Amino acid sequence: MLSIPGHCWLCKMPLTLPHWGFCSCCTASLPRPPVCCPCCGLPAGQADCLCGRCLQKPPPWQSMIFVSDYCPPLDKLIQRWKFHNTPALSEGLARLLFLRLQAQKYTTNWQLPDTILSVPLFQRRHWLRGFNQSDLLARPLAHWLKCVWEPAGLQRRIPTVTQHRLSARLRRHNLNNAFTLEIPVKQRHIAIVDDVVTTGSTAGEIARQLNKAGAASIQIWCLCRTL
């Protein structure tokens with residue numbers, strides 16, 4: 001994988017439109033997830049109705065849209081993007097999610113949100129990394145979709161242990177009261193943007209706050225959903 005602008009991040013071939021990040025062949029060959037529940041994003045029997053899990057205990061959001069399972073090649077690209085100071089990957093990855101959202105319009109009654117919120121990092125982690133990866137996805141998505149992005153709409157007010165090191169139960173406990181909502185969201189349709197959803201603990205904690213504040217609906221958008 002080369003970091004040279006104008007080349008596909010996967011096959012290294014030159015791109016006609018450098019900002020695309022990935023050629024059409026590599027984009028088309030990305031692994032497609034199995035049939036998944038439109039709400040929780042986990043494997044299910046049908047893609048157009050809620051799975052048994054969501055019927056018994058629905059999550060605090062209404063839909064989840066993602067590009068792929070957390071598997072090669074996207075898992076390695078996301079790790080490189082976040083942990084090896086490669087923000088040049090951002091627009092190409094955002095475009096993959098945009099293409100998935102565009103495809104969603106033709107398969108379901110998908111609704112464009114009023115507001116996009118990106119999952120925040122704690123201030124020190126943001127400073128150490130140099131960027132918030134969710135912001136770098138949300139900014140171009142808001143531009144392409146012509147909807148409002150509120151970069152300061154959510155704040156992470158306390159530092160938390162890195163989520164991937166914890167069990168599902170500890171992830172939920174780790175995020176208690178971690179976020180504050182800084183904007184009014186009553187009767188607004190919201191999309192929460194993150195890079196990877198694993199157990200859904202982070203998205204769930206934010207969605208519960210949005211529900212308490214009167215949000216009309218909540219979508220989760222991410223590059224990868226761990227299946």
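Side chains included, hydrogens not; waters and symmetry mates left out as well; all remaining heavy atoms used. Because the structure is predicted, anything quoted here is derived from the model rather than measured.
Closest heavy-atom contact between Thr16 and Pro18: O-CD, 3.5 Å. Scanning all heavy atoms of the two residues, the minimum distance from Leu97 to Ile65 falls at CD1-O, 4.3 Å. Considering all non-hydrogen atoms of both residues, Trp61 and Cys39 come closest at NE1-O, 2.7 Å. The two residues Pro113 and Ala191 have their closest heavy-atom pair at CG-CB, 3.7 Å.
Here the straight-line distance linking atom OG1 of Thr86 with atom CD1 of Ile78 works out to 12.5 Å at 0.5 Å rounding. The distance from the SG atom of Cys147 to the CG atom of Leu141 is 8.0 Å, given to the nearest 0.5 Å. Rounding to the nearest 0.5 Å gives a distance of 10.0 Å between CD1 of Ile192 and OG1 of Thr202. The CD1 atom of Ile183 sits 6.0 Å away from atom CD1 of Ile190, with the distance rounded to the nearest 0.5 Å. To the nearest 0.5 Å, atoms NZ (Lys76) and SG (Cys71) are separated by 11.0 Å. In this structure, CD1 on Ile116 lies 12.0 Å from CZ on Arg139, to the nearest 0.5 angstrom.
For Pro38, there are no side chain to side chain contact (heavy atoms under 4.5 Å, CB included) partners at least two apart in sequence or on another chain. The side chain to side chain donor-acceptor pair (under 3.5 Å) test applied to Gln46 returns no partner, not counting sequence neighbours. Annotation: side chain to side chain donor-acceptor pair (under 3.5 Å) contacts of Ser118 (sequence neighbours excluded): Asp135, Trp149. Phe66 pairs by the ring pair (Phe, Tyr, Trp, His ring centres under 6.0 Å) definition with nothing, not counting sequence neighbours. For Gln79, the side chain to side chain donor-acceptor pair (under 3.5 Å) criterion is met by Tyr70, not counting sequence neighbours.
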Side chain to side chain contact (heavy atoms under 4.5 Å, CB included) between Leu121 and Trp127, intermediate numbers included: CA-CA 9 Å; Leu121 293 176; Trp127 177 77; over 6 Å; no
List the steps, then state whether side chain to side chain contact (heavy atoms under 4.5 Å, CB included) holds for Leu101 with Leu112. CA-CA 9 Å; Leu101 292 167; Leu112 189 69; over 6 Å; no
Acceptor/donor pairs from residues 217-227 side chains to any protein atom, 3.5 angstrom cut, sequence neighbours excluded:
from: Ser217; atom 1: OG; to: His189; atom 2: ND1; distance (Å): 2.6
from: Gln219; atom 1: OE1; to: Trp110; atom 2: NE1; distance (Å): 2.7
from: Gln219; atom 1: OE1; to: Trp221; atom 2: NE1; distance (Å): 2.9
from: Gln219; atom 1: NE2; to: Gln111; atom 2: O; distance (Å): 2.8
from: Arg225; atom 1: NE; to: Cys40; atom 2: O; distance (Å): 3.1
from: Arg225; atom 1: NH1; to: Thr198; atom 2: O; distance (Å): 2.4
from: Arg225; atom 1: NH2; to: Cys40; atom 2: O; distance (Å): 2.8

Determine all donor-acceptor pairs shorter than 3.5 Å in which one atom belongs to a side chain in residues 20-35; sequence neighbours excluded.
from: Thr27; atom 1: OG1; to: Cys23; atom 2: O; distance (Å): 2.9
from: Ser29; atom 1: OG; to: Cys25; atom 2: O; distance (Å): 3.2
from: Ser29; atom 1: OG; to: Cys26; atom 2: O; distance (Å): 3.0

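Applying the salt bridge (charged side-chain N to carboxylate O under 4.0 Å, His left out) definition to pairs two or more places apart or across chains, those involving residues 183-202 are Lys82-Asp195, Glu150-Arg188. Sorted pairs that involve residues 36-61 and meet salt bridge (charged side-chain N to carboxylate O under 4.0 Å, His left out), not counting sequence neighbours, are lacking altogether. Counting only residues at least two apart or in different chains, side chain to side chain donor-acceptor pair (under 3.5 Å) contacts with residues 89-102 comprise Trp81-Ser90, Arg100-Gln104.
Within a 6.0 Å radius of NE2 in His19, more than 12 heavy atoms belonging to other residues, nucleotides or ligands are found.
Just one of Leu154, Leu181, Val185 meets the side chain to side chain contact (heavy atoms under 4.5 Å, CB included) condition when paired with Gln209; it is Leu181.
Linking ILVMFWY side-chain heavy atoms closer than 4.5 Å, directly or via other members, places Leu42 and Leu55 in two distinct hydrophobic clusters. Under the 4.5 Å side-chain contact rule for hydrophobic residues, Leu50 and Met64 do not share a cluster. Follow the hydrophobic side-chain contacts under 4.5 Å out from Leu145 and you reach Leu96 in the same cluster.
Inter-residue side-chain proximity for Cys54 and Pro59 is flagged as met; some heavy-atom pair is nearer than 4.5 Å.
Grouped by direct or indirect side-chain proximity (heavy atoms under 4.5 Å, Ile/Leu/Val/Met/Phe/Trp/Tyr only), Met13 sits alone. With side-chain heavy atoms closer than 4.5 Å counting as contact, directly or through intermediates, Val148 stands alone and belongs to no larger hydrophobic cluster.
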